[in-house]
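Reading through the structure tokens given below for one structure.
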Amino acid sequence: MMLTLSHSTIGNWTIIHVAGEVDMATGPQLRQEIVRHVSEGNIHIVIDLQNVDFIDSTGLGILVGGVKRARSNGGDFRCSGLSGSLQEVFSLTGLDSVLLSVDLNQDPSTWEPLNE
Amino acid sequence: MMLTLSHSTIGNWTIIHVAGEVDMATGPQLRQEIVRHVSEGNIHIVIDLQNVDFIDSTGLGILVGGVKRARSNGGDFRCSGLSGSLQEVFSLTGLDSVLLSVDLNQDPSTWEPLNE
Amino acid sequence: MNKAITLEIPSQVEYLSLVRAVVASAASLDQSLGDQRIDDLRLAVSEATTNAIRAHARLDSNERITIRFGIDGDRIEVEVQDRGPGFDPETLDPAGPLTDTGRLEYEGGFGIPLMKILADEITIESADEGTTVNLVVYVSPPSEKSNN
Amino acid sequence: MNKAITLEIPSQVEYLSLVRAVVASAASLDQSLGDQRIDDLRLAVSEATTNAIRAHARLDSNERITIRFGIDGDRIEVEVQDRGPGFDPETLDPAGPLTDTGRLEYEGGFGIPLMKILADEITIESADEGTTVNLVVYVSPPSEKSNN
Ligand SMILES: Nc1ncnc2c1ncn2[C@@H]1O[C@H](COP(=O)(O)OP(=O)(O)O)[C@@H](O)[C@H]1O
Ligand SMILES: Nc1ncnc2c1ncn2[C@@H]1O[C@H](COP(=O)(O)OP(=O)(O)O)[C@@H](O)[C@H]1O
């Protein structure tokens, strides 16, 4: 079981595309990718989860870490492409309150701003 | 695990469409369907295996039984839509020597005749 | 309850996906369990197995993890057993909502809360010899549930 | 060989698809085993399990069937163990080619021949207490096989 990672850019946003199952086996790969982007100064990140149909608590923790890393560097961290079952897990854990969803087909200027 | 069975006709041929995995659990359903058609006088049968990606020895035995039932009633019994892995099993067991494949997109008059 | 299927795996994260495949496959034997509930059970069992693997890692243990599945008419029961150091589930400090100041510093703490929400029943038995988590999902929809 | 995964199932045909799902999942842990070989192993193990279920049925036995998976670098080994009446694999009468007169009368006899063709190694140990079928598939392509 492998995670497939790739990335693209929209304006000043880096989109990290994830495919596979995110769990304790594959999570470290994802964390590493996020850390790398932030350390390279790409602090506006969207995690595209369209091709992820399973994420466990380890994966949720890595996304929490992503939010923290991006924000503490003055950036932002969003997600997109949540399936029904991911949406359920995000709302059950309250992750949806700090990790806002965006629509990659819409221009970033229309994305809901952070209210801080 | 269920088998889904349906049927259609082309000329005087009855096509039995099978979807699922054919094994000792689901095989009896398929045998019953074949027996029913033969007993209703539909003795020219094609088993369409396009949506079958697994068949075990029980399933092969049922197809052998189909060949026997159809022929002993003066009819014929063919198959179609074999995937690579089914083709392998048919050839390893020699089933392909008595159960000829047909192309359902071709007219039945063009199908290879039984040489008996 | 008759534990119909038993699965033993090495205490390694690579086997998590196999455990999930077995949950999905076992749960689908019961035609009446919807996909949503199978997903819930799959995640809950995955969480319990992850914690079991972590528990063994803390002891540097090579023991295997045992997972038992029981299916009967109206409930599916899964038991995840480890031989780790054990813990006291009563004294767990919930990490608090993610919107709390500083909560984002901590990436863990989602496992047991998720299992509690996803399963219809959960019991955790833990002692020095190890921990057994028992997860139950009802096959009939919650509205038809008998009173506990 | 270290038997990494152990699976015990009730002796019921409904569980055959679960056994196959576990074979596919376990075999895919080894990135180097191709889909074709996974299919071969899946069918061989399914056949051995089918025979085990039939053997238990002959004794009206409720005992479970044990399947052990061992994966190491260059081979995958699967063992299917039943507590059926046993048989003598040496004295099996091959049914002969399907083109033989009268062969179509007999729907059985494909299981063991298929296992022998599909697996790279097979051993059958059978006694009054039951039968154990051991199937091995090499991970490296046949051309790289060691002499054996
Ligand atoms: N099987 C177990 N054996 C020992 N300790 C456990 C086990 N399961 C959970 N725990 C303890 O409970 C804590 C909370 O678990 P959990 O809610 O899954 O979050 P996390 O694993 O991210 O800390 C763990 O940190 C661990 O100390
Ligand atoms: N596990 C087993 N226990 C007892 N007998 C077995 C077992 N496996 C195979 N056999 C015997 O070997 C025979 C041949 O098996 P097989 O080639 O799989 O074909 P089939 O099961 O269709 O007869 C069976 O009919 C059975 O008598």
Side-chain angles (χ1 to χ4, degrees), chain C residues 1-33 35 38-39 41-43 45-46 49-50 52-53 56-57 61-73 75-83 139, chain D residues 1-33 35 38-39 41-43 45-46 49-50 52-53 56-57 61-73 75-83 139:
Chain C
M1 137 135 354
N2 167 32
K3 297 286 162 31
I5 305 170
T6 306
L7 176 68
E8 279 181 32
I9 56 157
S11 191
Q12 293 168 19
V13 293
E14 288 76 20
Y15 291 83
L16 285 168
S17 60
L18 182 131
V19 170
R20 291 194 295 268
V22 175
V23 174
S25 206
S28 71
L29 288 173
D30 195 311
Q31 307 284 342
S32 45
L33 195 66
D35 284 353
I38 293 179
D39 278 355
L41 184 64
R42 199 166 65 119
L43 177 51
V45 174
S46 190
T49 309
T50 298
I53 293 172
H56 283 200
S61 161
N62 279 325
E63 295 240 34
R64 294 194 289 169
I65 290 160
T66 305
I67 302 159
R68 297 186 184 84
F69 301 78
I71 307 171
D72 84 11
R75 50 197 268 145
I76 297 189
E77 181 172 343
V78 186
E79 193 177 278
V80 179
Q81 183 181 10
D82 67 53
R83 284 87 176 172
V139 168
Chain D
M1 136 130 0
N2 166 31
K3 295 287 162 31
I5 304 170
T6 307
L7 177 67
E8 278 181 32
I9 56 157
S11 190
Q12 292 168 17
V13 293
E14 288 75 22
Y15 291 84
L16 285 168
S17 59
L18 182 131
V19 170
R20 292 194 295 269
V22 174
V23 174
S25 205
S28 70
L29 289 172
D30 194 311
Q31 306 284 343
S32 46
L33 194 66
D35 285 352
I38 293 179
D39 278 354
L41 183 64
R42 198 166 65 118
L43 178 51
V45 174
S46 191
T49 309
T50 298
I53 293 172
H56 282 200
S61 161
N62 279 326
E63 296 241 33
R64 294 195 290 170
I65 291 161
T66 305
I67 302 159
R68 298 187 183 82
F69 301 78
I71 308 171
D72 85 11
R75 49 196 270 144
I76 297 189
E77 182 173 342
V78 185
E79 194 176 277
V80 179
Q81 183 181 11
D82 67 55
R83 283 87 178 172
V139 168

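Within every chain, numbering begins at 1; the chains are lettered A, B, ... in the order of the sequence lines, protein sequences first and strands thereafter.
Nearest heavy atoms, S25(C) versus S17(D): OG-O, 4.2 Å. Contact record, P10(D) with A4(C): CD-O, 3.1 Å, taken as the closest heavy-atom pair.
Taken from CG in L7(D) to CG in L7(C), the straight-line distance is 6.0 Å, to the nearest 0.5 Å. To the nearest 0.5 Å, atom CG of residue L18(D) and atom CG of residue L29(C) are 6.0 Å apart.
In this structure the side chain of T6(C) never reaches within 4.5 angstrom of the side chain of T6(D), judged on heavy atoms.
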